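As the structure is a computational prediction, the values presented were derived from the model and not from experiment.
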Amino acid sequence: MKDIYNKYGEVVYVDSTYRINRDHYPCYVLVVRDNHGHSQIVAFPITAYEREASFSAIVSHFVSQNDISCWTKALMIDKDLIESKVLKV
């Protein structure tokens, strides 16, 4: 996943989905698009809650594991206010 991010990470798409397990934990998906237009998952963290602190921890961990400063130009999110609050710089 790290290699895929390093190769195609100019735009990262972030979204979450619910009820994929019996405990109904939200699963976030961080995706990039490759040269063929196919989605490639670069991270899929599962958290207990969809709260600002949880998403902030996800972003912090992703940033600590990947050099996003010179590569990622845009983050695409849906209308979720939690994601926009955390990603606002």
Side-chain angles (χ1 to χ4, degrees):
M1 289 183 189
K2 193 169 193 169
D3 291 339
I4 292 171
Y5 170 76
N6 288 331
K7 192 170 184 180
Y8 304 111
E10 190 171 26
V11 178
V12 177
Y13 303 86
V14 180
D15 202 0
S16 62
T17 187
Y18 301 93
R19 302 186 192 275
I20 60 169
N21 59 37
R22 69 172 186 231
D23 296 318
H24 306 288
Y25 292 157
C27 176
Y28 285 88
V29 181
L30 284 74
V31 177
V32 297
R33 292 179 71 186
D34 65 16
N35 288 342
H36 304 288
H38 298 121
S39 298
Q40 300 291 334
I41 296 172
V42 294
F44 52 93
I46 297 174
T47 63
Y49 307 102
E50 186 182 22
R51 295 194 177 135
E52 192 172 330
S54 299
F55 187 66
S56 180
I58 290 168
V59 171
S60 295
H61 184 72
F62 186 78
V63 168
S64 73
Q65 298 299 309
N66 299 282
D67 182 17
I68 67 163
S69 62
C70 62
W71 181 235
T72 300
K73 305 293 185 223
L75 294 165
M76 297 292 293
I77 62 171
D78 61 6
K79 62 184 182 210
D80 193 342
L81 296 176
I82 291 171
E83 294 168 359
S84 65
K85 284 180 186 178
V86 170
L87 296 173
K88 192 179 282 189
V89 178

Donor-acceptor list for residues 53-66 side chains, cut-off 3.5 Å, not counting sequence neighbours:
{"unit_1": "Ser54", "atom_1": "OG", "unit_2": "Tyr49", "atom_2": "O", "d": "3.3"}
{"unit_1": "Ser60", "atom_1": "OG", "unit_2": "Ser56", "atom_2": "O", "d": "3.0"}
{"unit_1": "Ser64", "atom_1": "OG", "unit_2": "His61", "atom_2": "O", "d": "2.8"}
{"unit_1": "Asn66", "atom_1": "ND2", "unit_2": "Phe62", "atom_2": "O", "d": "3.0"}

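- The CG atom of Asp15 lies 9.5 Å from the OH atom of Tyr28; values are rounded to the nearest 0.5 Å.
- In plain terms, the two heavy atoms of Val42 and Ile4 that are nearest each other are CG1-CG2, 4.0 Å.
- The two residues Pro45 and Ala43 make their nearest non-hydrogen contact at CD-C, 3.6 Å.
- The side-chain contact (heavy atoms from CB on, under 4.5 Å) test applied to Asp3 returns no partner, not counting sequence neighbours.
- The shortest side-chain heavy-atom distance between Ile77 and Val14 falls under the 4.5 Å cut-off.
- Tyr8 and Tyr13 are members of different hydrophobic clusters when ILVMFWY side chains are connected at heavy-atom separations under 4.5 Å.
- Pairs engaging residues 29-46 under the side-chain hydrogen bond (donor to acceptor under 3.5 Å, both in side chains) rule: Asp34-Gln40 [sequence neighbours left out].
- By the side-chain hydrogen bond (donor to acceptor under 3.5 Å, both in side chains) test, Tyr5 pairs with Thr72, sequence neighbours left out.
- For Tyr25, the side-chain contact (heavy atoms from CB on, under 4.5 Å) test picks out Asn21, Asp23, Ile46, Ala48, with sequence neighbours left out.
- In the hydrophobic clustering of this structure, Val29 groups with Met1; members are Ile, Leu, Val, Met, Phe, Trp, Tyr whose side-chain heavy atoms approach within less than 4.5 Å, directly or through other members.
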